[in-house]
Amino acid sequence: MPRPVPVDPSLAFAAAAAPAVEPSGREPLLGGGLRQKAVWVDEAVCIGCRYCAHVAGNTFVVEPDWGRSRALRQDGDSTETIQEAIDTCPVDCIHWVAYEDLPGLEQQARSQELLPLGLPSAARPKRLIPRGGSALGESP
């Protein structure tokens, strides 16, 4: 029986990388047969109604901390199902955009200040209408 040859673990990092994948011509950026656009949710406009996540649950998810919808996967549902989800949005915050625009939109989204839905904003003006009967036209 031959003796096992000791293997240096550092050789794993010196091994050649996997060969580069050649483009097939069907990639979205190359104008292939796949979907030409990406779906994008403008979270600053989203009201957290969850309609899109109910219609296209493999594409959209409602983010638990902020309560707003987010596109989780671009290939989760068919184009028709995603379009139906876009059509159900009451505030029109879901858009088809070019794949090339996604990094810029994500950078823009990271710079926005969002508050969790349902919580009052610290900058919200105080109530100016007096409480009580006088505001309703009744005498105090």
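Just so you know, residue 1 is the first one in the sequence shown, and it goes up from there. Only heavy atoms go into these numbers, but all of them, side chains included; no hydrogens, no water, no symmetry mates.
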**Study point:** Non-hydrogen atoms of Thr81 and Ala56 that approach each other most closely
**Key:** CG2-CB, 3.9 Å
Revision key, fill the gap. Between Ala71 and Gln74 the two heavy atoms that sit nearest each other are CB-NE2, 4.2 Å
**Study point:** All side chain to side chain donor-acceptor pair (under 3.5 Å) counterparts of Glu106, not counting sequence neighbours
**Key:** none
Point to revise | Thr59: side chain to side chain donor-acceptor pair (under 3.5 Å) partners, not counting sequence neighbours | key: Asp77
Side-chain donor-acceptor pairs under 3.5 Å in residues 82-94, sequence neighbours left out?
unit_1	atom_1	unit_2	atom_2	d
Gln83	OE1	Trp96	NE1	2.7
Gln83	NE2	Asp87	OD1	3.0
Thr88	OG1	Ala85	O	2.7

Review point. Does any non-hydrogen side-chain atom of Arg68 lie less than 4.5 Å from one of Val62?
Key: no
Practice item. Mind jotting down which residue pairs meet the side chain to side chain donor-acceptor pair (under 3.5 Å) criterion with at least one end in residues 39-55? Sequence neighbours excluded, please. Key: Glu43-Arg70
Study note, to complete from the structure: Students should find that the hydrophobic cluster of Leu72, defined by side-chain heavy atoms under 4.5 Å apart, otherwise consists of Val61
Check your understanding: What's the spacing between Ser78 OG and Asn58 CG if we round to 0.5 Å?
Key -> 10.0 Å
Exercise for review: Would you give the length of the straight line joining atom SG of Cys46 to atom CD of Glu63, rounded to the nearest 0.5 angstrom?
Suggested key: 10.5 Å
